[in-house]
Amino acid sequence: MNEVRLQRIREAERDYHEQIFEHHKLYQPGSWLSKPVPVLLKLLERLDTGRPLQVLDLGCGVGRNSIPIARKIQAGGGRVVCVDLLDQALKKLRQYAREHGTDAAIVTEQADIGEYPIPANTYDYIIAASSLEHAKSPEALKKVLRRMAEGTKPGGINAVIMNTNIQEWDQTTGRRRETFIEVVMPDEKALDVFRMNYAGWEELHVSEEPLELNITREDEPVLLKADCVTFAVRKKT
């Protein structure tokens, strides 16, 4: 993808997310911010290491999943490192973390997840929820997955939720429009990439479900259609 197109996509995605974060409060009805992803909290329950849990949330947004995870692990001394490209998202996350009493267990870092270094054997649980499709390219996505695998402790879990087969439709004209997502991949290809990266890991959860989301592009109503693929694995000890 050339830099001009990448910049257009990044600007469109930034504008959309900033509008959502400004007009919809975390955990209130009316948007996808209304609740955390249940499977991510269920997977957390499968980690019983006897030590403080270290969690990494790549593409954390305003803390939709980070905050409930932090709530569950903070009493045991655990922490969640939250990484996002958008400064506004991290500001909102810190505000919500204070409101929900989890700020002591949350660390924020502003970075492009495609460039973010993950130290080896550091985390018990790494999640990337609806963020890997925003890597700069399929090659960058694969690099993130490799870093995730290398950064996981033995017995640790990685959970990826990725939108595939993405299409955008103009809701005024009913016509298909240009898709402003960095990585648009068929679901079968995504699963192949995941399984190749995590060869030898134990598969804990694999699912796929259709997704339709009302979004805006340049103040115009757009319907985003996709398949939502969830893939979770445990690193062998």
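Just so it is clear, the structure is predicted and the values come from calculations on it, not from any experiment.
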Trainee: Taking NZ, NE, NH1 and NH2 as the nitrogens, is one of them in Lys235 or Glu202 under 4.0 Å from a carboxylate oxygen of the other?
Mentor: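 No, Lys235 and Glu202 are not salt-bridged.
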Trainee: Sub-3.5 Å donor-acceptor pair from the side chain of Arg10 to the main-chain atoms of His134, do we have one?
Mentor: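 Indeed, once roles are kept as given, a pair shorter than 3.5 Å links the two residues.
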Trainee: Of all the heavy-atom pairs spanning Met162 and Leu132, show the shortest one and how long it is.
Mentor: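 Looking at all heavy atoms of both residues, the closest pair is SD-CB, 4.3 Å.
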Trainee: Do Asp124 and Gln54 pass the side-chain hydrogen bond (donor to acceptor under 3.5 Å, both in side chains) test, and can you show the C-alpha distance, the side-chain angles, and the key distance before you say yes or no?
Mentor: CA-CA 5 Å; Asp124 300 288; Gln54 303 300 311; 5.6 Å; no
Trainee: Could you tell me whether the side chains of Glu3 and Gln7 share a donor-acceptor contact shorter than 3.5 Å?
Mentor: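 Side-chain D/A pair, Glu3 to Gln7: absent.
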Trainee: Calculate, to the nearest 0.5 Å, the distance between atoms CD and CG belonging to Glu209 and Leu211 respectively.
Mentor: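 Spacing of CD (Glu209) from CG (Leu211) equals 8.0 Å.
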Trainee: Would you tabulate the side-chain donor-acceptor contacts of residues 142-150 under 3.5 Å, counting partners in other chains and residues two or more places apart, or write 'none'?
Mentor:
{"from": "Arg147", "atom 1": "NH1", "to": "Gly114", "atom 2": "O", "distance (Å)": "2.8"}

Trainee: Atom CG in Leu26, atom CD in Gln95: separation rounded to 0.5 Å?
Mentor: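 That separation rounds to 10.0 Å.
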Trainee: Quick check: do Ile73 and Val55 have side-chain heavy atoms less than 4.5 Å from each other?
Mentor: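 SC-SC contact between Ile73 and Val55 confirmed.
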Trainee: When Ile127 is tested against each of Val160, Ile161, Ile69 for side chain to side chain contact (heavy atoms under 4.5 Å, CB included), which residue passes?
Mentor: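 The residue from Val160, Ile161, Ile69 that satisfies side chain to side chain contact (heavy atoms under 4.5 Å, CB included) with Ile127 turns out to be Ile69.
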Trainee: Taking C-beta and beyond as the side chain, do Lys72 and Leu53 meet within less than 4.5 Å on heavy atoms?
Mentor: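 Contact flag for Lys72/Leu53 side chains = no.
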Trainee: Is there a side-chain contact (heavy atoms from CB on, under 4.5 Å) between Trp32 and Val37 once you walk through the steps?
Mentor: CA-CA 10 Å; Trp32 46 266; Val37 180; over 6 Å; no
Trainee: Using a strict 4.0 Å threshold on nitrogen-to-oxygen distance, state whether Glu99 and Arg94 make a salt bridge.
Mentor: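 So Glu99 does not pair with Arg94 through a salt bridge.
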Trainee: If I take atom CD from residue Glu133 and atom CD1 from residue Ile181, how far apart are they, to the nearest 0.5 angstrom?
Mentor: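 Separation between the atoms: 6.5 Å.
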Trainee: Please find the pair of heavy atoms, one from Ala159 and one from Leu40, that lie closest to each other, and give the distance.
Mentor: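 Smallest heavy-atom distance, with atoms named: CB-CD2, 3.7 Å.
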Trainee: Looking only at the side chains, is there a donor atom on one of Trp169 and Gln167 sitting less than 3.5 Å from an acceptor on the other?
Mentor: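 A pair is found: one side chain offers a donor N or O, the other an acceptor, under 3.5 Å apart.
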Trainee: Rounded to the nearest 0.5 Å, what's the gap from CZ on Arg5 to CD on Glu182? Could you check?
Mentor: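 With rounding to 0.5 Å, CZ (Arg5) is 9.0 Å from CD (Glu182).
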Trainee: Check Arg8 with Glu218, please: is the shortest side-chain N to carboxylate O separation under 4.0 Å?
Mentor: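 The answer is no: the pair does not qualify as a salt bridge.
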Trainee: Could you state the interatomic distance from CG (Asn121) to OG1 (Thr152), rounded to the nearest 0.5 Å?
Mentor: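 The OG1 atom of Thr152 is 8.5 Å from CG of Asn121, to the nearest 0.5 Å.
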Trainee: What donor-acceptor contacts under 3.5 angstrom involve side-chain atoms of residues 219-234, with partners at least two apart or in another chain?
Mentor:
{"from": "Asp227", "atom 1": "OD2", "to": "Asn165", "atom 2": "ND2", "distance (Å)": "2.7"}
{"from": "Arg234", "atom 1": "NH1", "to": "Gly155", "atom 2": "O", "distance (Å)": "3.1"}
{"from": "Arg234", "atom 1": "NH2", "to": "Arg46", "atom 2": "O", "distance (Å)": "3.3"}

Trainee: Minimum heavy-atom separation for Lys236 and Trp201, please, with both atom names.
Mentor: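 In this case the closest contact between Lys236 and Trp201 is CE-C, 4.4 Å.
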Trainee: Determine all donor-acceptor pairs shorter than 3.5 Å in which one atom belongs to a side chain in residues 83-93; sequence neighbours excluded.
Mentor:
{"from": "Asp84", "atom 1": "OD1", "to": "Leu86", "atom 2": "N", "distance (Å)": "2.9"}
{"from": "Asp84", "atom 1": "OD2", "to": "Cys60", "atom 2": "N", "distance (Å)": "3.4"}
{"from": "Asp84", "atom 1": "OD2", "to": "Gly61", "atom 2": "N", "distance (Å)": "2.8"}
{"from": "Asp87", "atom 1": "OD2", "to": "Lys91", "atom 2": "NZ", "distance (Å)": "3.2"}
{"from": "Gln88", "atom 1": "NE2", "to": "Glu22", "atom 2": "OE1", "distance (Å)": "3.3"}

Trainee: Drop me the distance from Ile113's CD1 to Ser131's OG, to the nearest 0.5 angstrom.
Mentor: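 Result: 4.0 Å between the selected atoms.
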Trainee: Leu6 versus Asn2: any side-chain heavy-atom pair under 4.5 Å?
Mentor: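 No, every pair of side-chain atoms sits at 4.5 Å or beyond.
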Trainee: For residues Glu168 and Phe180, determine if any side-chain heavy atom of one lies less than 4.5 Å from a side-chain heavy atom of the other.
Mentor: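 Sidechains of Phe180 and Glu168: in contact.
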Trainee: List the steps and the verdict of salt bridge (charged side-chain N to carboxylate O under 4.0 Å, His left out) for Arg195 and Glu203.
Mentor: CA-CA 9 Å; Arg195 289 191 166 114; Glu203 288 191 10; 2.7 Å; yes
